[in-house]
J.: 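This structure is in structure tokens; I'll ask about it shortly.
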Protein chains: 2
Amino acid sequence: MSVGIRHDDLRRRNRAMVISAVRRAGQPSRTEIAATTGLSHSTISAISSDLIQEGILTESKASETVSLKRGRPQVGLSLNPEAAAVLAVVLSLNFLSVAVIDYAGQVVAEEQRRLDTLTMSRDELIDECVAIVRRRLEDPDLDVRSVARIALAIQGITDSHARAMLWSPITPQTNIAFADILEREFGIPAIMENDCNMMAVALRWRDPDRYRDDFIAILLSHGIGMGLVLKGELFTGTHSSGGEFGHMIHRPGGALCRCGRRGCVEAYAGNYAIWRNARQLSENAEPVADVSDAEMRALAARARQTDGPEREAYRRAGEALGFGLGSLFALIDPAPVAMVGASAAAFDLIEPALREAIAQTAGGQYSGSISFDTEPNELPLIREGCAMRALSFVDQEIFAPGAQGKSSTVRKHVA
Amino acid sequence: MSVGIRHDDLRRRNRAMVISAVRRAGQPSRTEIAATTGLSHSTISAISSDLIQEGILTESKASETVSLKRGRPQVGLSLNPEAAAVLAVVLSLNFLSVAVIDYAGQVVAEEQRRLDTLTMSRDELIDECVAIVRRRLEDPDLDVRSVARIALAIQGITDSHARAMLWSPITPQTNIAFADILEREFGIPAIMENDCNMMAVALRWRDPDRYRDDFIAILLSHGIGMGLVLKGELFTGTHSSGGEFGHMIHRPGGALCRCGRRGCVEAYAGNYAIWRNARQLSENAEPVADVSDAEMRALAARARQTDGPEREAYRRAGEALGFGLGSLFALIDPAPVAMVGASAAAFDLIEPALREAIAQTAGGQYSGSISFDTEPNELPLIREGCAMRALSFVDQEIFAPGAQGKSSTVRKHVA
DNA sequence: CAGTATTTTTTCGAGGCTCGAAAAAATAGA
DNA sequence: TCTATTTTTTCGAGCCTCGAAAAAATACTG
């Protein structure tokens with residue numbers, strides 16, 4: 001059962017709320033914060049004065065343009081970029097990238113590397129991640145003491161405690177506790193997140209009007225992934241990152257999937273599946289390890305040109321996605337969908353069959369109202385989500401801590 | 001964004017927590033409550049003394065048997081049965097029942113009625129519900145002023161605000177705002193809930209060890225329904241009661257479902273589907289309106305006796321349920337499952353194919369650890385859940401109200 | 001049976017927090 | 001320069017929770 005509210009929780013929670021209001025609004029005045037949080041002006045005044053003194057917020061002569069109004073002008077509050085920094089590490093197929101982000105959310109440094117993740121050993125994989133983080137931390141421009149959090153996103157399944165990668169299509173290795181490893185190595189709290197979940201987090205920040213409380217982000221790539229936000233909360237499984245939309249069953253006993261099972265949505269809609277069908281190979285043909293973006297673009301071009309096996313392959317992908325979404329909508333009610341990843345550029349080929357399939361399912365009654373948006377470039381999205389995730393942690397756990405963490409390293413250096 | 005915590009919320013929340021602790025534990029002492037809530041002894045003392053004075057809790061010389069210990073004996077706190085009462089109304093196929101439950105959770109009166117729901121008009125349906133409630137409220141043994149809530153459970157889809165039935169298999173009528181109707185008629189707050197969700201609520205109260213934070217209740221009946229608890233919360237759709245497990249797609253374009261679509265899980269696992277397959281009718285055959293329990297028992301008996309079409313029908317039901325659960329487990333991770341309803345008595349016929357199917361899905365890696373429990377009698381479960389739902393409302397909204405509701409009718413009569 | 005040990009519950013003062021009202025600050029218009 | 005207006009801070013009041021100590025209620029002990 002949930003625990004009672006202690007007296008000191010009050011301040012902590014309201015501090016967190018003020019910080020979060022500032023992060024959302026950018027440069028709100030105290031009055032605006034009072035309005036959005038529902039707290040009184042006096043309380044906001046007290047809390048924000050604390051936060052400014054601690055170096056977490058700064059005053060900035062806000063909205064000079066809007067000072068057409070009479071009366072004392074509003075003073076904008078903004079996040080102090082120097083209050084902390086976080087690292088966002090993204091590990092995907094044959095690619096590793098890291099970005100340093102200041103407390104206000106600006107990227108201050110980054111580095112990218114090509115790897116051969118499929119053939120690397122466990123230790124090589126770990127070493128590369130540790131090394132790229134170390135290089136960033138050794139950057140003389142960066143105050144290492146200010147780095148408060150490392151967030152690592154990976155394609156694949158992570159555990160629900162955000163500690164480890166359990167399984168990933170980018171490597172044959174399994175169960176690597178990246179978060180624990182980085183934490184031990186650098187003494188900085190780390191979390192391990194699923195890439196699609198981070199896409200969803202980023203979409204929420206990018207377009208809060210469209211992606212508010214309930215929406216779905218689907219990654220159309222070599223595999224099929226999903227990030228799901230329900231009732232304003234990232235939806236995760238109880239043991240793992242969950243939301244393995246790509247491995248819902250489309251046709252029992254059907255096409256061979258990369259996961260070794262049969263009939264998964266991915267076995268019809270993943271790049272390898274589209275490629276396999278376009279070449280008219282058997283459904284039992286072993287999934288290929290990778291199909292280049294260029295090759296997929298060529299497939300899509302041919303599909304647009306002539307009504308051949310390529311077009312049929314995309315049609316089947318749409319059908320699988322449609323029935324999958326239909327089953328999903330039976331469980332959670334329809335919501336806006338973002339199609340992310342290289343194959344989202346071919347969504348025109350996928351959409352007709354997808355809509356036709358949804359119309360045959362329980363979600364069909366709403367099928368007109370279901371809207372799709374496409375975003376071909378997943379990497380920036382994942383990195384952005386990762387950064388926001390890490391920053392939210394700093395907001396809540398470090399700058400609005402429970403009694404035990406009152407004197408953290410980070411706070412000291414700012415004061 | 002969530003709202004700030006005002007100062008007066010504190011007491012309210014902690015009051016609610018104390019009440020809920022008492023409801024869960026039965027007869028806890030103040031010391032026990034302090035332990036489970038994490039609040040100090042002084043706080044618990046203050047709050048419970050308030051609650052006793054207001055007639056919500058009563059002291060009861062607790063645990064006379066356990067008074068073997070030294071020291072001042074613990075005084076048990078329990079819910080005052082007279083503090084309030086709620087009505088639990090359950091409307092299912094051809095059947096209407098109502099129960100009056102006191103604040104401590106004991107049934108004090110009940111009434112049941114057979115109807116012909118499939119042929120009744122909208123007004124007849126509403127009138128029957130209003131009439132049965134009125135008869136209970138006119139009972140001279142009942143203090144009407146103490147009735148604080150009416151909860152109505154129905155098979156079918158309800159809206160997410162718990163106001164209306166949107167669609168139900170028990171009647172051709174749609175969109176009946178039962179909650180609003182009852183509320184207007186009697187001036188008592190009412191809610192409209194989905195039957196399977198109430199099953200899940202009841203299971204949590206009955207066996208909190210097994211059904212704690214994550215579990216699934218599946219109704220195997222004429223149709224297939226589901227109640228889902230995730231992270232300790234009842235899972236509902238954003239617009240409707242959600243969790244329409246029975247209408248996930250098992251085989252695209254497959255057997256004809258009662259909902260008019262094709263290939264739903266229910267079209268293989270609902271009573272009418274089993275009956276249809278056992279008779280070796282076409283998958284396109286119109287679903288029959290009802291199959292009697294006796295007939296289903298006869299089918300099951302034949303299936304156990306000889307390896308004929310009956311056994312095959314149950315096998316197909318198991319397969320559909322298995323693939324459906326497998327897809328569900330891809331999204332939410334495996335969890336304990338309760339199979340409820342008359343067909344749960346035939347679960348021995350269903351289970352082998354079900355497990356075999358799950359093993360072929362993403363949930364398969366855990367298939368050994370997935371445990372099923374059966375409960376053939378859904379009605380008591382639904383009523384129990386309904387009652388607990390209504391009582392929880394009274395606990396939280398009436399006895400631990402926000403500033404506006406401080407002087408409710410109910411409170412006055414108790415004081 | 002009186003005295004002691006033990007456990008539960010209440011009492012009481014201290015310390016925090018939020019709130020509303022009033023004051024102070026900062027600007028635009030007259 | 002003065003006034004109106006809006007934002008922000010200040011200040012006292014009112015709650016709430018907490019810890020420590022006191023009070024209450026029982027079992028053990030000789």
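Just so it is clear: chains get the letters A, B, ... in the order the sequence lines come, proteins before strands, and each one is counted from 1.
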J.: By nearest atom, which of the nucleotides C:dT8, C:dA28, D:dT8 is closest to the A:Arg70 side chain?
T.: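 In terms of side-chain proximity for A:Arg70, the closest of C:dT8, C:dA28, D:dT8 is C:dA28.
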
J.: Is there side-chain contact between B:Ser241 and B:Asn197, with heavy atoms separated by less than 4.5 Å?
T.: yes

J.: Has the side chain of A:Ser40 got a donor or acceptor that lies under 3.5 Å from a partner of the other kind on the base of C:dG20?
T.: no

J.: Counting only side-chain heavy atoms from C-beta out, which of C:dC19, D:dT8, C:dT9 sits nearest to A:Val75?
T.: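 Nearest to the side chain of A:Val75 among the choices is D:dT8.
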
J.: With respect to the side chain of A:Gln74, which nucleotide from D:dT8, D:dC16, D:dA20 is positioned closest?
T.: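 Of all the options, the side chain of A:Gln74 is nearest to D:dT8.
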
J.: Report yes if some heavy atom in the side chain of A:Arg149 is under 4.5 Å from a heavy atom in the side chain of A:Glu397; otherwise report no.
T.: no

J.: Could you please name the option among D:dC28, C:dC19, D:dT9 that lies closest to any side-chain atom of B:Arg6?
T.: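 Closest nucleotide to the B:Arg6 side chain: C:dC19.
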
J.: Are OP1 or OP2 of D:dT17 and a side-chain N or O of B:Asn14 less than 4.0 angstrom apart?
T.: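 Yes, because at least one side-chain N or O of B:Asn14 sits under 4.0 Å from OP1 or OP2 of D:dT17.
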
J.: Suppose we screen for side-chain hydrogen bond (donor to acceptor under 3.5 Å, both in side chains). Which residues come up paired with A:Gln106, at least two apart in sequence or across chains?
T.: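 If we apply the side-chain hydrogen bond (donor to acceptor under 3.5 Å, both in side chains) test to A:Gln106, skipping adjacent residues, there are no hits.
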
J.: Please determine whether a side-chain nitrogen or oxygen atom of B:Thr43 lies at a distance below 4.0 Å from atom OP1 or OP2 of D:dC18.
T.: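 For D:dC18, OP1 or OP2 has a side-chain N or O of B:Thr43 closer than 4.0 Å.
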
J.: Can you measure A:Asp50 atom CG to C:dG16 atom C1' for me and round it to whole angstrom units?
T.: 12 Å

J.: In whole Å, I'd like the distance from the CD1 atom of A:Ile33 to the P atom of D:dT6.
T.: 20 Å

J.: Indicate yes or no: does B:Arg15 engage B:Glu54 in a salt bridge with an N to O separation below 4.0 Å.
T.: yes

J.: Looking only at side-chain atoms of B:Ser45, point me to the closest of C:dG20, C:dT11, D:dT17.
T.: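 The answer is C:dT11.
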
J.: Tell me the interatomic distance from A:Asp8, atom CG, to C:dA14, atom C1', rounded to whole angstroms.
T.: 14 Å

J.: Determine the minimum heavy-atom distance between A:Ala148 and A:Phe393, stating which atoms define it.
T.: O-CE2, 4.1 Å

J.: Please determine, for the side chain of B:Leu10, which listed nucleotide (C:dT18, D:dC16, D:dC18) has the closest atom?
T.: D:dC16

J.: Side chain of B:Arg11: nearest nucleotide among D:dC16, D:dC18, D:dT10?
T.: D:dC16

J.: Whole-Å distance between D:dT17 C1' and B:Arg13 CZ?
T.: 15 Å

J.: Between N or O atoms, less than 3.5 Å apart, protein on one side and nucleotides 22-25 of chain D on the other: list the pairs.
T.:
unit_1 : atom_1 : unit_2  : atom_2 : d
D:dA24 : O4'    : B:Arg72 : NH1    : 3.4
D:dA25 : N3     : B:Arg72 : N      : 3.1

J.: Check the distance between C:dA14's C1' and A:His7's NE2 and give it to me in whole angstrom.
T.: 12 Å

J.: B:Ile44 has an atom CD1; how far is it from atom C1' of D:dG19, in whole Å?
T.: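 For the pair B:Ile44 CD1 and D:dG19 C1', the rounded distance is 15 Å.
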
J.: Please work out if B:Ser29 contacts a base, only the sugar-phosphate, or nothing of the nucleic acid, heavy-atom cut-off 4.0 Å.
T.: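 Sugar-phosphate only.
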
J.: For the side chain of A:Leu39, starting at C-beta, report the closest nucleotide among C:dC19, C:dG29, D:dC18.
T.: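 Of the options given, the side chain of A:Leu39 lies nearest C:dC19.
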
J.: C:dT10, D:dT17, C:dT18: which one has an atom nearest the side-chain heavy atoms of B:Arg30?
T.: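 Out of C:dT10, D:dT17, C:dT18, the nucleotide with an atom closest to B:Arg30's side chain is C:dT10.
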
J.: For A:Phe186, what residues pass the ring pair (Phe, Tyr, Trp, His ring centres under 6.0 Å) criterion, not counting sequence neighbours?
T.: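 A:Phe186 satisfies ring pair (Phe, Tyr, Trp, His ring centres under 6.0 Å) with no other residue.
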
J.: By nearest atom, which of the nucleotides D:dT10, D:dT9, D:dT7 is closest to the A:Thr31 side chain?
T.: D:dT7

J.: Charged N to carboxylate O under 4.0 angstrom, B:Glu384 versus B:Arg204?
T.: no

J.: Can you tell me how far C1' of C:dC17 sits from CG of B:Asp9, to the nearest Å?
T.: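 To the nearest whole Å, that distance equals 13 Å.
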
J.: On DNA chain D, check which nucleotide each of A:His41 and B:Gly38 is closest to and give me the residue with the more 5' one.
T.: A:His41

J.: For A:Met17 and C:dT18, what is the distance between atoms CE and C1' respectively, to the nearest whole Å?
T.: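 Taking atom C1' of C:dT18 as the reference, CE of A:Met17 is at 14 Å.
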
J.: Taking the side chain from A:Asp214 and the backbone from A:Ala335, do they hold a donor-acceptor pair closer than 3.5 Å?
T.: no

